[in-house]
Protein chains: 2
Amino acid sequence: MKVIIAEDQVMLRGALSALLDLEDDVDVIGQAGDGEEALKLIMQLEPDLCIMDIEMPKMTGLDVAERLKELGHPCRVVILTTFSRSGYFQRAMKAGVHGFLLKDSPIDELGAALRKVHQGGRAISPELSLTFWEAENPLTEREQEVLKRVAQGLSANDIAKELFLSSGTVRNYVSDILQKLEAKNRIDAISIAEKNGWLK
Amino acid sequence: MKVIIAEDQVMLRGALSALLDLEDDVDVIGQAGDGEEALKLIMQLEPDLCIMDIEMPKMTGLDVAERLKELGHPCRVVILTTFSRSGYFQRAMKAGVHGFLLKDSPIDELGAALRKVHQGGRAISPELSLTFWEAENPLTEREQEVLKRVAQGLSANDIAKELFLSSGTVRNYVSDILQKLEAKNRIDAISIAEKNGWLK
DNA sequence: CATCCAACATGACAATTGTCATATGAAAAG
DNA sequence: CTTTTCATATGACAATTGTCATGTTGGATG
């Protein structure tokens, strides 16, 4: 099977590529260090499978997966990520990926996962518990926009200007966010949202 | 040369171990997933070299390196880390490590770095620029204690209680921190300190 | 078609953060 | 030995955050 590896960490990308190339039935035909390059290579080289990190420059792995789904592209995506965040997982499933592995899994599992996906199956890391499905993002679109800017260190006044709202509105959104996440303050809220993959 | 790999990310640890074992002159004799296990294995197996991540559970790679230096242990440490933070680099140099590589380096460089260190040399990632040496942590011990707790989402009152200070004192420390880091607010300050490796 | 609900929006007031002036003690420098 | 400097420490006041009551609009439900 023809495989492309999309991973911005050079050393891991090189190591995975070298090891997978040692397998008889795996052919690593391309490597990408960011999401845009990954999408381009998939279009050009038509791999069977793509191993895709999530957090990459220019375009996240989830953005690429969503794009491939839009295009009805046959390439099967196996997400390989560091963080077991429910927000990522849900978004990946919606994007129709065929695998979701954690970098905390043994290297042996990767090859097995690729074969499974190539044969039409799905490969999900066993570490992802059932409760994982339940932690849906409780924030509205507007609240997410506000929280993203809070996380960037912007004040309520700054955010009000950017989103064409009044400062009181922004403060109310922040207050709603604190209540929904059961956070003590905005630093706490940022931390909770990051852990759950609710901050893009 | 006998090598131990200390890396909490299972997949990378497995991949590096497999690849390094393919080299004629490298013998991977142990693997550790956290700092304490790494220290224990180094004591027991007496490797020539240890490839050490920084951010690991229980004990950071830098804590381990410092411990080995205290003991005058002959094992040579090569730091392998994701983040090029000057705080980490300085602390590593002070701990007497023999190598400092970024996971953004190609896998080929790792083997070459190990040989260089084994022969008594040092191996530093070329990406680490000269300015890297200059970004010394501007915060006092007390300010660092305060910022660590701010980053954990504690209020000035909470921090005052923990450190046996008054709330006004804590707020003044926070204000000093904001000025030194040229941060707009505490979220901004946390972000700057994290980027520079000044938050432990 | 009417009612209800949720998302979005605002400002008054309470609580917390951040600034600033000030003080003390220990270590470094002259 | 004296002076200076820096880290540590505190509270008054200004600025911002967070809470709460309230309003509007559009979509869902009966």
Side-chain angles (χ1 to χ4, degrees), chain A residues 87 90-91 94 134-196 198-200, chain B residues 87 90-91 94 134-196 198-200:
Chain A
Q90 285 163 24
R91 196 173 153 199
K94 277 166 188 162
E134 285 158 27
E136 192 106 6
N137 190 346
L139 305 180
T140 68
E141 288 280 319
R142 207 48 154 166
E143 285 166 349
Q144 292 178 50
E145 287 187 65
V146 167
L147 185 58
K148 174 178 135 191
R149 286 160 179 79
V150 167
Q152 284 163 359
L154 295 169
S155 71
N157 256 344
D158 295 331
I159 298 172
K161 286 181 195 128
E162 270 200 26
L163 299 182
F164 305 98
L165 300 169
S166 84
S167 156
T169 302
V170 173
R171 278 183 279 111
N172 192 55
Y173 280 129
V174 173
S175 194
D176 284 345
I177 292 167
L178 297 192
Q179 277 174 12
K180 285 183 177 180
L181 303 189
E182 291 178 33
K184 287 178 300 180
N185 52 42
R186 53 182 68 186
I187 295 173
D188 203 13
I190 293 166
S191 174
I192 291 165
E194 268 178 353
K195 276 196 195 86
N196 284 282
W198 296 333
L199 263 171
K200 296 165 186 173
Chain B
Q90 285 163 25
R91 197 173 151 200
K94 277 170 188 158
E134 286 159 24
E136 192 107 6
N137 191 345
L139 306 180
T140 69
E141 289 279 318
R142 207 50 155 166
E143 284 166 349
Q144 293 179 48
E145 287 187 67
V146 167
L147 185 57
K148 174 179 137 192
R149 286 159 179 81
V150 167
Q152 285 163 0
L154 295 169
S155 71
N157 257 344
D158 296 330
I159 299 173
K161 282 176 197 136
E162 269 200 27
L163 298 182
F164 306 100
L165 299 168
S166 84
S167 155
T169 302
V170 173
R171 277 182 281 110
N172 191 56
Y173 280 129
V174 173
S175 195
D176 284 345
I177 292 166
L178 298 192
Q179 278 174 12
K180 284 183 175 179
L181 303 188
E182 290 178 34
K184 288 178 297 179
N185 51 43
R186 53 182 68 187
I187 294 173
D188 203 13
I190 294 166
S191 174
I192 292 165
E194 267 178 353
K195 277 197 195 86
N196 283 282
W198 296 333
L199 263 170
K200 295 167 186 172

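In the text below, chain A, chain B and the rest are named by the order of the sequence lines, each starting its count at 1.
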Using a 4.0 Å heavy-atom cut-off across all strands, classify [X] as base, sugar-phosphate, or nothing.
X        : value
A/Thr140 : sugar-phosphate
B/Asn157 : nothing
A/Arg142 : sugar-phosphate
A/Ser167 : nothing

Residue A/Tyr173, side-chain heavy atoms: nucleotide from C/dA9, D/dT17, C/dG18 that is nearest: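 Closest of the options to the side chain of A/Tyr173: C/dA9.
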B/Thr169 side chain, from C-beta outward: closest of D/dT10, C/dA9, D/dG18: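 Output: D/dT10.
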In this structure, how many angstroms lie between the [atom2] atom of [N] and the [atom1] atom of [X], rounded?
X        : N      : atom1 : atom2 : value
B/Asp176 : C/dT19 : CG    : C1'   : 10 Å
A/Leu154 : D/dT17 : CG    : P     : 10 Å
B/Asp188 : C/dG18 : CG    : C1'   : 14 Å
A/Gln179 : D/dT19 : CD    : P     : 6 Å
A/Ile177 : C/dA7  : CD1   : C1'   : 13 Å
A/Asp158 : D/dT17 : CG    : P     : 8 Å
B/Ile190 : C/dT17 : CD1   : P     : 12 Å
A/Ile159 : D/dG18 : CD1   : P     : 10 Å

Side-chain-base donor-acceptor pair under 3.5 Å for A/Asn172 and D/dC20: yes
Pairwise 5' ranking along DNA chain D for B/Glu143 and A/Asn185, keeping only the more 5' one: B/Glu143
Residue closer to the 5' end of DNA chain D, A/Arg186 versus B/Leu165 (nearest nucleotide):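 The 5'-side residue here is B/Leu165.
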Under 3.5 Å, side chain of [X] to main-chain N/O of [Y], donor-acceptor pair present?
X        : Y        : result
B/Asn185 : A/Gly153 : yes
B/Asn172 : B/Thr169 : no
B/Gln144 : B/Leu139 : yes

salt_bridge(B/Glu145, B/Arg142) N-O dist < 4.0 Å: yes
Steps toward side-chain hydrogen bond (donor to acceptor under 3.5 Å, both in side chains) verdict (A/Ser167, A/Arg171): CA-CA 6 Å; A/Ser167 156; A/Arg171 278 183 279 111; 3.3 Å; yes
At under 4.0 Å, does any side-chain N or O of [X] touch on OP1 or OP2 of [N]?
X        : N      : value
B/Arg171 : C/dT19 : no
B/Ser175 : C/dT19 : yes
A/Ser166 : C/dT10 : yes

